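Values in this document were obtained by computation on a predicted structure and should not be read as measured data. Chain letters run A, B, ... following the sequence lines, proteins first and then strands; every chain starts at 1.
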Amino acid sequence: MFQGLAAQRLVALFFAGWALFNFPLLALWDHDARVFGLPLFPLALFVVWALLIAALAWVVERDTDATATD
Amino acid sequence: MLSAPLVIGVSFAYLLLLFAVAHWADLRAAQGRSVIASPWVYALSLAVYCTAWTYFGSVGRAATSGVWFLPTYLGPMLAMILAWMVVRKMIRIAKTWRITSIADFIASRYGKSPLLAGLVTLITVVGIVPYIALQLKAIASGYAVLTSPLGQPAVQSAQWWTDSTLYLAIALAGFTIVFGARHLDSTERHEGMVAAIAFESVVKLMAFLAIGLFVSFGLFGNPARLFDQALAVDELRRLLQFGQGQPFAYAQWLGHTLLAMLSVIFLPRQFQMMVVENVDERHLRRAVWAFPLYLLLINLFVLPIAMGGLLHFGPGQMDPETFVLSLPLSQGHHALALFAFVGGLSAATGMVIVEAIAVSTMVCNDLVMPLLLRMHRFGARASGDLTTLLLTIRRLAILGILLLGYLYFHLAGEAYALVSIGLISFAAVAQFAPAMLGGMYWKGGTQGGALTGLLLGFGFWAYTLMLPSLAKSGWLPGDFLVHGLWGLDWLKPEAFLGLAGLDNITHSLFWSLLANLVGYVGVSLWRPPSARETSQALLFVDVFHRASGSRPVFWQGKAQVSALLPLAGRFLGVETARRLFNEYAQSVGVGHIDQIPADARLVHFVETQLAGAIGSASARVMVASVVEEEALNLDDVMRILDEASQLRAYSHALEDKSRSLERATNELREANEKLKSLDRLKDDFMSSVTHELRTPLTSIRALSELMRDDDQMDLAQRQQFLGIIVAEAERLSRLVNQVLDMAKIEAGHAEWHNTEVDMRELLEQAAGSMGETYRERGVALELRLPASVAPLWADHDRITQVVLNLLSNAAKYAPRDSGRVVMSLRPVERGVEVEVQDNGPGIALDQQTMVFEKFRQVSGDEHYRPGGTGLGLPISRQIVEHFGGRMWLQSSPGQGARFGFFLPHTDPARETGSDPMAAHGAGINLTGAQA
């Protein structure tokens, strides 16, 4: 089920996402700071989120034989 | 404020537009040009996840607790990362066994248990009703904000029959029926509805982004300035931080993320869209990232809108859940406010339509049908077409669900924020996770385990979340909230066993999932699974491991086509059933329905078809009632599985064998072709050689005979003839030598005496030895040599042979007396290049490749020269290639020909023992030809 390079990448990405969206990595952003005038914490969440989407798109779209790996 | 008829008119016009989209999609599907056969449409249809909760509720949530609206969307992000494995497996299982709902999925996995199907349906209905109420509430309050003066609460009708929300619920029910229950489809797929939902997803996103841009840029100039102002207010500054002083903030964050992660897969409408309506597994590849991207976009402006609203109206002045409408209204942008309302309407109606269709399928197949089929009138022995009945049940179920939603809205809706209501529903459907995921990956889960887990989970959910919500709305005495049930302190619903500090959602999720999981695993491990459970577990868990042809069929007994066909007809319609049986007959290779072998595979086929229409549990009961079954025990299951595996192994082996046979055949055919062409080449060669030998022999013989017969021939004549004879004999021996030479080189028997060769010296020597010939013909030979070149490791005599051959060819082709030949030497990377350019007639492009073929100049060459043998160039090329070089010709008619070759500086150490045939496999073995 979780064999194949793409599947392993997805599992790794899942754990990365899980770690990034939880304590303690999440606490790194919890400061009263602003970037480009925007509050750091929400901005960081959206940026991490966008990066995860990009990574996910990269993994699934480049792996054309993923149907073979289950 | 807008006029009520305008808002109602626009709303209805929008719903009609939706219907037009759906109708158009249905038409296209009928023409075979489906609009939903696109990964983008599939991804957009998944965005039915974003309901009025997202549209109105997120802003409300953000205005009271900042970034805490986000876990609901981060969860799906994480879930989608694994969707390519998990959801794809669900799709494969559902498609293989014609599963059309979550209830059916769970029931089917655990031995097609009607009890389990009913329980899951019940949990779904109870859990989802608040969620439907949420949508009704959102539309109702949105409508109220639009049509009443800003800042004033809308007047609620005192009597239920004048409440517009009731009529809204009924209208939506009608609309849903038109969308989803017009006719019966055994796969439960609704092309038009999917297209309409995808369209709605676009509308709601556009509308929300429009409001976001309006608030961020129109109202406040830019987002940075908005946050400047927000951070200046202490209350708002606090909102932009994470914990906001709550204990266990991170645990709650995790809890909410997990909750959303499970919900995005197990909500009935998500299952419907993601699994049941999926037309192609590969669409998931795009959707897994496009859907989270959609979620990100629709959440981008939630915080700015919430902050903007709080700044604009002041905290506590206006319901934050309606900021999306009230902000544009307060600035007099009525059209924008109306557009925002249409967006919210999209979000709400989309959810209601899909959810009601999904739940009505469950209610019909997994709750009502099993009960009806127990009754004598409808049961197995009865006859009559039941398709109309099925449709009626579904339509009534849709109406019932919406009315229940209205009831909940009426009773409890006012006390709760949208998000809180939604989270209650999420926590209910999260209870399906252990049974579903466990069932897909663990063969040991049993019906008892699933039942226990679900009951415990549902019980805890109801006690810790549902009942408190009713109590807080005043419909239950609230005593037990404060003091615990029966005054027992440790039974307090929102602090079970004294666990305090968590918010009620995380608290409830923790206890219910824990109890669910413990019940599921514990009871599953209590006793070994039965035969039926094992067989279904094998089919589900190993769904990817078996091709459709080699799936085991776990059934034994006696059946008759004459009993199965009418049964299918009752539930699928007579014509559909007949068509399906005909298709089946073709697939098993018989001509007529009556000839179908009534074996396990047919029974399985009928049962699967029926499962699509009435659910797997009912289908099982129905099929069992018309065939004579023999009960399976665990040994039978293992035996059938073994047989299937063996069959699979055999068919694999057979496939392998036939593949290798095919490969061998191809190889043989290729070898045969090669042999044939070699044979042809050999024949050509033989005829060329004999032809070449015959020409000089003929002239030798003719001249000799002349001299023999004519005694009177004078001496000068004789001398001339003898000269010709000698020249022809020389040509003959040269030809024989060259043929032998060629054969040796090609066979790899040639001897090579490699030494260091100075090409400059070699070319000068060659030019010197050809000097006489050139002078005789009046052809000028020019040498263009560099001062020095690095020495080569090669056979001096052989290379000289090549150069002489080129020079003599050039001399022959160059015009007499005005001929001009240039020989040049050029050091290049890793070797040297030698070129010989003449000013002869040149060679046409189509002839150029032929000049290197043996005897080519002999046949069909207009510049036929009696002196040549036609082997010079082929031998030269063989020699050059032996040293790892290559030979070429550049020419165009009238421009002369330029022959050239390249020789590398071969490393003497590496060169030893190299076999010319190994390096240049082409060419024929002339030893054979000579023999």
Please list, in residue-number order, every residue in residues 221-233 of chain B that has a heavy atom less than 4.5 Å from any heavy atom of chain A; write 'none' if there are none.
-> B:P223, B:A224, B:F227, B:D228, B:L231
Hey, are the side chains of [X] and [Y] touching, using non-hydrogen atoms and a 4.5 Å cut-off?
X	Y	result
B:M90	B:I265	yes
A:E61	B:W289	yes
B:L240	B:L236	no
B:F69	B:V59	no

Residue, of A:G17, A:P42, A:A55, that accumulates the most heavy atom pairs under 4.5 Å with chain B =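 Ranked by contacts with chain B, first place is A:P42.
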Considering only heavy atoms and a distance below 4.5 Å, find which of A:W49, A:F41, A:F14, A:W29 pairs most often with chain B.
->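 Result: the option with the highest number of such pairs is A:W49.
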Begin with the C-alpha distance, continue with both residues' side-chain angles, and end with the deciding distance and a verdict on salt bridge (charged side-chain N to carboxylate O under 4.0 Å, His left out) for B:R659 and B:D656.
-> CA-CA 5 Å; B:R659 251 200 304 278; B:D656 278 352; 2.9 Å; yes
For [X], is it the side chain, the backbone, both or neither that has a heavy atom under 4.5 Å from a heavy atom of chain A?
X	result
B:L70	side chain
B:V67	side chain
B:L303	side chain
B:L284	neither

Sort A:L45 into side chain, backbone, both or neither according to what part of it lies under 4.5 angstrom from a heavy atom of chain B.
->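 The answer is the side chain of A:L45.
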CE-CZ distance between B:M436 and B:R109, expressed to the nearest 0.5 angstrom | 11.5 Å
What option among B:L296, B:L78, B:L300, B:N299 has the most heavy-atom pairs under 4.5 Å with chain A?
-> B:L296
Which pair of heavy atoms, one from B:L82 and one from A:L10, lies closest together, and at what distance?
->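 Minimum heavy-atom contact is CD2-O, 4.2 Å.
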Quick check, are the ring centers of B:Y294 and B:Y49 under 6.0 angstrom apart?
-> no
Go through the structure and list residues passing side chain to side chain donor-acceptor pair (under 3.5 Å) with B:Y73, not counting sequence neighbours.
->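 B:Y73 satisfies side chain to side chain donor-acceptor pair (under 3.5 Å) with B:T54, B:S58 once adjacent residues are dropped.
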Does a sphere of radius 6.0 Å around CZ in A:F15 hold more than 12 heavy atoms from other residues, nucleotides or ligands, not counting ones at 6.0 Å or beyond?
-> no
